[in-house]
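One structure is given below, encoded as structure tokens.
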Amino acid sequence: MKKKNIILIGFMGVGKGTIARGLVQSSDMFAIDTDDLIESMQNQKIKKIFEEHGEPYFRNLEKKTALWLENSIDNTIISTGGGFYKQENINKIGKVIYLKSSFQGILDRINAAPNAARKLKKRPLLQNLDEATTLFDSRVPDYEKVADIVVDVEKKPLEKIVEEILGQI
Ligand code: S3P
């Protein structure tokens with residue numbers, strides 16, 4: 001049977017966690033986040049996991065998380081790390097929603113946050129903006145390919161984004 005999870009994908013800083021929390025408030029669903037699951041499984045922050053074990057190790061933890069989600073979770077909103085869309089089984093986990101924004105829109109969103117410096121610092125792949133731009137450009141076509149639904153989130157209030165998502169699922 002087709003699973004009823006909703007999976008939010010998109011680039012770092014686009015607002016996946018915030019939108020997941022908005023969806024929780026406006027529905028009877030509960031939310032989990034793949035980075036949070038990995039951090040608690042490892043008892044280490046993502047930044048530390050990258051520093052101590054490297055990116056391939058982290059991707060392996062994402063794979064393990066993806067298999068667990070497929071086998072064990074239903075009726076849940078799942079926010080993901082920006083690279084989680086690469087998991088081969090992602091479409092088996094549930095309905096995939098790509099939260100779309102330009103790179104500049106994402107930077108504006110991060111910079112508008114009161115804790116902008118922390119938001120940047122905790123993300124190893126956002127440390128070098130040129131590299132992050134290249135990563136963004138290379139990922140956009142794949143985000144669109146994997147998605148069942150694309151929602152443009154740039155410069156939109158949270159309530160409007162939540163309303164659009166709930167109207168489309
Ligand atoms: C990553 C995004 C991060 C986190 C890790 C790698 C990526 O999550 O999973 O730093 O590859 O884009 P956010 O999208 O929540 O920042």
Side-chain angles (χ1 to χ4, degrees), residues 5-24 31-70 73 76-90 93-94 96-147 149-154 158 161-162 165:
N5 295 312
I6 295 170
I7 306 149
L8 303 179
I9 65 165
F11 204 67
M12 291 171 271
V14 76
K16 294 167 292 209
T18 305
I19 293 166
R21 288 186 285 278
L23 286 165
V24 166
I32 53 178
D33 179 89
T34 60
D35 280 348
D36 288 350
L37 289 167
I38 288 171
E39 287 187 342
S40 57
M41 183 160 67
Q42 283 288 112
N43 195 25
Q44 246 179 351
K45 294 287 181 196
I46 302 292
K47 185 169 180 272
K48 247 301 171 303
I49 298 175
F50 269 68
E51 279 166 9
E52 275 192 17
H53 306 279
E55 186 173 344
Y57 180 86
F58 172 73
R59 298 299 173 202
N60 213 36
L61 293 172
E62 285 194 312
K63 185 173 185 178
K64 191 169 173 177
T65 308
L67 291 172
W68 174 74
L69 290 170
E70 181 187 343
I73 299 298
T76 299
I77 296 153
I78 302 167
S79 54
T80 63
F84 192 84
Y85 73 98
K86 284 191 193 140
Q87 295 307 315
E88 277 174 17
N89 66 336
I90 191 159
I93 300 173
V96 178
I97 302 187
Y98 168 41
L99 305 175
K100 185 176 174 159
S101 165
S102 68
F103 189 60
Q104 191 53 52
I106 289 171
L107 291 182
D108 292 348
R109 180 180 177 274
I110 293 174
N111 287 325
N115 53 348
R118 212 189 118 254
K119 279 183 175 287
L120 280 172
K121 207 166 146 223
K122 72 171 196 178
R123 295 183 160 104
L125 302 179
L126 262 190
Q127 299 311 301
N128 178 317
L129 277 192
D130 286 342
E131 283 173 22
T133 310
T134 307
L135 187 65
F136 177 85
D137 290 340
S138 72
R139 280 183 177 176
V140 165
D142 295 332
Y143 284 137
E144 304 219 357
K145 226 177 273 168
V146 159
I149 299 170
V150 178
V151 176
D152 190 337
V153 300
E154 193 160 342
L158 178 60
I161 298 168
V162 167
I165 292 176

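Counting starts at 1 for both ligands and their atoms, in listed order. Remember, it's a predicted structure, so these values are computed and weren't measured experimentally.
Close approach to Leu125 involves these atoms of ligand 1, each under 4.0 Å from a residue heavy atom: 7 (C), 11 (O). The atoms of ligand 1 that sit less than 4.0 Å from any heavy atom of Ile46 are 5 (C), 10 (O). Near Pro124, the atoms of ligand 1 lying under 4.0 angstrom from a non-hydrogen atom of the residue are 10 (O). Contact atoms of ligand 1 toward Gly83: 7 (C), 11 (O), 12 (O) (distance under 4.0 Å to a heavy atom of the residue).
Shown are Ile19, Ile77, Thr76; of these, the side chain to side chain contact (heavy atoms under 4.5 Å, CB included) with Val24 is made only by Ile77. Residue Gln44 is tested with Glu39, Glu51, Glu52 for a side chain to side chain donor-acceptor pair (under 3.5 Å); the sole match is Glu52.
Within the 4.0 Å heavy-atom shell around ligand 1 one finds Arg139. In this structure, Phe84 has no heavy atom closer than 4.0 Å to ligand 1. Heavy-atom distances between Lys119 and ligand 1 stay at or above 4.0 Å for every pair.
Annotation for Lys63: atom NZ does not count as buried by contact number, only 12 or fewer foreign heavy atoms lying within 6.0 Å.
At the shortest separation from atom 11 (O) of ligand 1 among protein heavy atoms lies Arg59 NH2, 2.6 Å. Shortest contact from atom 14 (O) of ligand 1 to any protein heavy atom: Lys16 NZ, 2.5 Å. Of the protein's non-hydrogen atoms, Arg123 NE, 2.5 Å is the one closest to atom 16 (O) of ligand 1.
Taking any N or O of Asp35, backbone or side chain, at least one lies under 3.5 Å from an N or O belonging to ligand 1. For the pair Glu62 and ligand 1, the shortest N or O to N or O distance does not fall below 3.5 Å. Residue Gly10 has no nitrogen or oxygen atom sitting less than 3.5 Å from a nitrogen or oxygen atom of ligand 1, judged on distance alone.
The backbone N or O of Gly10 lies less than 3.5 Å from a partner atom in the side chain of Lys16, making a donor-acceptor pair. In this structure a side-chain-to-backbone donor-acceptor pair under 3.5 Å is present from Asp33 to Asp36. Proximity of a side-chain donor or acceptor of Ser79 to a complementary backbone N or O of Leu8 within less than 3.5 Å is not detected.
Taking the six-membered ring where the residue is Trp, Tyr98 and Tyr143 present parallel rings, their angle staying beneath 30° rather than reaching 60°.
Side-chain atoms of Glu154 and Ser102 include a donor-acceptor pair closer than 3.5 Å.
Of the candidates Gly17, Ala132, Gly82, it is Gly82 that places a heavy atom closest to atom 1 (C) of ligand 1.
Under a 4.0 Å N-O distance rule, the pair Arg139/Asp142 does not qualify as a salt bridge.
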